[in-house]
Each structure stands twice: as structure tokens, then as C-alpha cells.
Student: 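Okay, here's the structure, questions in a sec.
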There are 2 protein chains.
Amino acid sequence: MSTAEETAGGEAQPWGEVTPDAARRLLLAAVEAFAERGYHATTTRDIASRAGMSPAALYIHYKTKEELLHRISRIGHEKALEILRTASRAEGSATERLADAVSSFVRWHAGGRTTARVVQYELDSLGPDARAEILGLRRKVDAEVRGIIEEGVRSGEFDVVDVHGTTLAVLSLCIDVARWFNVDGPRTPEEVGALYADLVLRMVGAGGPGAAQR
Amino acid sequence: MSTAEETAGGEAQPWGEVTPDAARRLLLAAVEAFAERGYHATTTRDIASRAGMSPAALYIHYKTKEELLHRISRIGHEKALEILRTASRAEGSATERLADAVSSFVRWHAGGRTTARVVQYELDSLGPDARAEILGLRRKVDAEVRGIIEEGVRSGEFDVVDVHGTTLAVLSLCIDVARWFNVDGPRTPEEVGALYADLVLRMVGAGGPGAAQR
DNA sequence: GCTGAGGGTGAGCGGGCGCTTAGCGAGCCC
DNA sequence: GGGCTCGCTAAGCGCCCGCTCACCCTCAGC
């Protein structure tokens with residue numbers, strides 16, 4: 001049904017690359033705490049106790065609290081980029097690839113809302129260097145979506161005047177899902193992904209004149 | 001050109017209703033500080049010094065730091081609601097009113113990004129009671145936009161399957177402007193407002209089948 | 001000119017923060 | 001089985017937070 005398959009579920013078995021087991025537990029605890037209360041409102045004692053460890057244990061695996069946020073942010077952005085790249089480089093028309101990209105990107109933001117919230121909304125809490133590195137990843141994310149839209153315009157599938165502005169709006173729409181999505185709410189990540197893919201295709205005028213419906 | 005005229009400029013002469021002059025200066029300082037660094041990362045000393053006062057002066061006009069956020073959030077939400085109501089209750093087709101609502105709502109989020117950021121993104125820092133009050137205002141905001149979309153569907157102007165979901169997406173798109181908009185960037189609030197009005201009309205299938213362009 | 005009220009200040013409180021350090025105990029090498 | 005390594009803890013340092021309190025100016029009323 002989709003090209004980016006099990007990745008979009010969210011937190012199936014992520015953070016697998018974080019290697020000492022204790023470090024991974026701390027990182028996971030930090031993600032939860034940051035998502036619930038925000039970076040600045042979270043204390044190192046809170047993170048450590050969620051991981052079942054003493055406050056000092058954190059500093060064996062991470063130099064500072066900010067390093068935790070940096071690691072979370074980088075891994076999360078790389079995951080997001082990978083999801084978009086998978087959809088973007090699949091076979092199919094620009095229309096199919098854009099729909100696939102949006103729906104899997106949205107499913108990631110909805111299903112893995114905990115992670116996505118931290119990744120998308122705590123960027124400003126990073127120091128200048130870490131922030132600059134993450135902004136580089138964001139530019140790649142932007143380029144990936146813009147690429148699909150440009151190809152659709154070139155092939156005549158899409159009707160878009162302001163490609164940059166529309167790219168921004170499409171990404172913005174997907175990212176904001178992490179702000180409002182509620183796991184206990186009436187919609188599943190899959191439903192939101194399908195709805196948003198449809199809305200985005202309308203935004204780019206896919207289907208050509210006369211085909212408002214998908 | 002627009003029904004909601006000078007309100008959308010952002011911070012022309014807002015906070016006029018905050019009455020002792022010192023209280024208004026403190027509130028304005030708090031808005032700036034919260035927008036730049038976030039609620040939890042802002043200190044009462046920072047707010048007071050931005051307002052040119054001593055740290056203790058804050059507590060003459062406000063009981064706690066949270067009361068500042070609460071006041072800002074309520075005034076901001078009331079302003080946002082007023083903007084949408086003005087557009088919603090104007091004369092004209094649902095298409096015209098939706099375009100007007102989106103463009104003025106977006107102009108407010110872009111032009112008054114400082115305020116909008118605090119209003120839209122610091123909600124979770126409020127206590128339960130204040131939070132519940134603000135959520136009530138948000139439901140009214142949602143109802144206003146949903147009303148326009150429902151009327152457009154009824155009149156046959158719009159082609160929307162999931163009215164609630166589409167309303168959510170339209171509002172989400174507008175609100176997220178406060179996250180990414182950059183005053184020093186290439187776009188003016190007016191340009192973003194016009195682009196977004198166009199995109200939203202496409203999302204609701206305005207113009208009927210065969211009229212992808214506005 | 002005295003008085004009272006109210007907006008403002010300087011100094012500082014109790015507490016919780018990020019982070020450090022000395023030391024402990026389990027497991028591996030020889 | 002003695003000693004080393006390493007993941008971890010208990011205790012706590014220094015700092016800065018939100019907030020308070022005793023006091024001080026300024027100015028209106030008489």
C-alpha cells in the first residue's frame with residue numbers, strides 16, 4: 001500500500017543505533033520528558049528517574065542535558081529525511097510520490113508524536129552550533145519535497161505558481177500534526193495521512209484541470 | 001481589499017486594554033521574552049529588566065509569572081477570534097469569506113509573530129484552569145472556520161468530504177505560520193496571506209470541478 | 001506643610017537546578 | 001584470588017530561580 005512501510009508506525013523499535021543499553025534508556029526517558037513538559041521545564045533528575053537511575057548516571061553517557069536534545073534531534077531529523085527520501089526516490093508519477101511522501105511523513109509525525117514534538121519544536125533550545133547542524137538537515141528535507149513538486153510541475157501533473165511557498169506550506173502542514181495530534185483522539189495516523197495526502201494533491205492542483213477529486 | 005483591515009498588521013497599538021501603563025510595559029516585555037526564549041527559559045528578572053524595572057515591580061501588577069502568560073494568551077486568543085469573526089460574518093460568498101478569513105488570520109500570525117508564537121505554542125505551560133479556559137476559546141475559533149466551510153459545502157461552492165479534518169488542516173496551516181515566519185525573510189505577511197488563501201481554496205475544492213485556478 | 005496611599009526598590013529567602021566528585025561493588029584477566 | 005576496570009550511586013557544591021518584605025519616594029487632599 002505504501003513505499004515507506006514499517007518506518008511510519010512511529011516508535012516500533014527506534015533508537016536502535018544508540019548503543020549502551022543504559023544510554024538508550026536515558027535517551028528514551030528524555031524524549032518522553034521533553035515531549036511532555038518541554039526541554040527547559042524538564043530536569044536532569046526527572047530524566048534519570050524515568051530511566052530508573054540516579055541523577056549522576058546521566059553524566060556518564062552524556063556530557064550535558066543539551067547533548068541529549070542534540071542527539072534526539074539529529075536522529076529524529078535523519079529518520080524524517082530518510083522517510084521522505086524513500087518516498088521521493090520510489091518509482092511512479094510525481095503525484096504518486098508526493099502522496100506517498102506526505103502520507104508517510106504525516107504518519108511518522110502522528111504515530112511518533114512524542115519524538116516528533118521534540119524534534120520539531122525544541123530546536124530553539126539548542127546552542128548555535130548544534131542548531132546550525134540541524135538546520136542543515138532541515139534544508140535537505142525541504143529540498144526533497146521541493147524536488148517532487150518541481151518534477152510534477154515540469155511533467156505538467158501539477159499546477160503551482162509559487163513552488164517555494166507551496167513547499168513550505170506542505171511541510172508546515174505535515175509538521176504541525178505533531179502539535180495537535182492526540183493518540184486518544186478520533187483519528188488514526190493512517191487516516192490523517194490519507195486525508196493530508198489528498199489535501200496536498202489538491203494544493204498542487206494534481207490531476208489537471210477538471211479533476212478536483214482524486 | 002480586505003474586510004478585516006488594520007487588525008491584521010499585528011502589533012500596531014495592541015494591548016491597549018491593559019491599563020496601568022507599567023502593567024502594559026511588563027506585559028509587552030513578557031511577550032517579547034516568551035517569544036524569544038520560551039516561557040520556562042524566561043526569568044522574571046529578564047522580563048522586569050526589559051521593562052526597565054526592578055524584579056520586584058512585576059509582583060505589584062501580577063501575582064505570578066504564570067498570570068502574565070495567562071493574560072497574554074487570553075487577549076491573544078480573543079484577538080484571533082475577533083479577526084475570524086469579522087471575516088466570517090462579512091457579506092459575500094463562502095469562497096470570498098474563507099479567503100478573507102485565511103488571509104487575515106495568516107497576516108496576524110506573520111505580522112504579529114512575536115505575540116502569535118506565545119499564544120499558540122506556550123499553552124501547555126499554563127495550569128489546568130487557565131488551560132481549560134483557553135481551550136474553550138480555541139473551540140470557538142475552530143467553530144468559526146468550520147462554519148464557513150459547512151456553508152460552502154451546502155451552497156455547492158466547496159467539495160469537501162471530511163469537514164472536521166479539513167477545518168483542522170486549514171487552521172493548522174495558518175497557525176504554523178507563527179513557527180516559521182521570519183520578519184527578515186523574503187515574504188511579507190500580505191504575500192503569505194494571499195498565497196495561503198489560494199492554497200486553502202484549492203484544499204476545499206472551491207470554484208467547482210474544472211476550475212483549479214482561482 | 002503634614003499625612004496617607006500606592007507604585008516602586010534593594011536585599012535576600014528557601015529551594016531546586018545542572019553538574020561534580022569520592023567511593024562502591026560486580027565482573028574479567030592473570 | 002588479588003587487583004583493575006567500569007557502570008553506577010550518595011552526597012553535595014555553587015548558582016540562580018520565583019517570589020517576599022521592609023522600606024522609600026512622589027504626589028493629592030486639606
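Below, all heavy atoms of this structure are taken into account, side chains as well, without hydrogens, waters or symmetry copies.
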Student: Before you tell me yes or no, could you show the steps for B/R138 and B/D142 under salt bridge (charged side-chain N to carboxylate O under 4.0 Å, His left out), namely the whole-Å CA-CA distance, both residues' side-chain angles and the distance that decides it to 0.1 Å?
Tutor: CA-CA 6 Å; B/R138 291 218 178 186; B/D142 191 84; over 6 Å; no
Student: Using whole Å, what does the distance between atom C1' of nucleotide D/dA11 and atom CZ of A/R45 come to?
Tutor: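 Atom CZ in A/R45 sits about 11 Å away from atom C1' in D/dA11.
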Student: Verify salt bridge (charged side-chain N to carboxylate O under 4.0 Å, His left out) between A/D21 and A/R24, making sure each step is shown before the conclusion.
Tutor: CA-CA 5 Å; A/D21 181 72; A/R24 180 169 50 249; 3.3 Å; yes
Student: Rounding to an integer number of Å, can you tell me how far A/L58 CG sits from D/dG7 C1'?
Tutor: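 In whole Å, D/dG7 C1' and A/L58 CG are 14 Å from each other.
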Student: Check every atom of C/dT9, D/dT9, D/dC19 against the side chain of A/M53 and return the nucleotide holding the closest atom.
Tutor: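 The nucleotide sitting nearest to the side chain is D/dT9.
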Student: Counting side-chain heavy atoms from C-beta on, which of C/dT20, C/dG8, D/dC17 comes nearest to B/T43?
Tutor: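 Output: D/dC17.
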Student: I want to verify a distance call: between D/dC8, D/dA11, C/dT9, whose nearest atom is closest to the A/A56 side chain?
Tutor: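 That would be D/dA11.
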Student: Rounded to whole Å, please give me the gap between NE2 in B/H40 and P in D/dC17.
Tutor: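 Rounded to the whole Å, the gap is 15 Å.
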Student: Between P on D/dT9 and CG on A/L26, what's the gap in Å once rounded to a whole number?
Tutor: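 So the two atoms are 10 Å apart, to the nearest Å.
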Student: Could you check how far OH of A/Y62 sits from P of C/dG18, rounded to whole Å?
Tutor: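 Atom OH in A/Y62 sits about 16 Å away from atom P in C/dG18.
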Student: Which label fits A/H109 and A/F105: parallel for a plane angle under 30°, tilted from 30 to 60°, or perpendicular past 60°?
Tutor: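 A/H109 vs A/F105 ring planes: perpendicular.
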Student: Just how far, in rounded Å, is P of D/dC19 from CD1 of B/I47?
Tutor: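 Value for this atom pair: 10 Å.
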Student: In whole Å, I'd like the distance from the CZ atom of B/R37 to the P atom of D/dC17.
Tutor: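 Atom CZ in B/R37 sits about 9 Å away from atom P in D/dC17.
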Student: As a test of reading the structure: which of D/dT20, D/dC19, D/dC8 is closest to the side chain of B/K65, going by heavy atoms?
Tutor: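 Of D/dT20, D/dC19, D/dC8, D/dC19 is nearest to the side chain of B/K65.
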Student: Quick check on C/dG18: is either OP1 or OP2 less than 4.0 Å from any side-chain nitrogen or oxygen of A/T44?
Tutor: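 So the side-chain polar atoms of A/T44 do come within 4.0 Å of the phosphate oxygens OP1 or OP2 of C/dG18, strictly under.
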Student: Would you say the side chain of B/Y59 lies within less than 4.5 Å of the side chain of B/T44, judging by non-hydrogen atoms?
Tutor: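 Contact flag for B/T44/B/Y59 side chains = yes.
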Student: Given atom CD1 of B/I60 and atom C1' of D/dC21, what is their separation to the nearest angstrom?
Tutor: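 Taking CD1 of B/I60 and C1' of D/dC21, I get 12 Å after rounding.
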Student: Are the side chains of B/T115 and B/K79 in touch, meaning some heavy atoms are under 4.5 Å apart?
Tutor: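 Contact flag for B/T115/B/K79 side chains = no.
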Student: Looking at every strand, decide which applies to A/S54 at a 4.0 Å heavy-atom threshold: base, sugar-phosphate, or nothing.
Tutor: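 Base, at least one base heavy atom under 4.0 Å.
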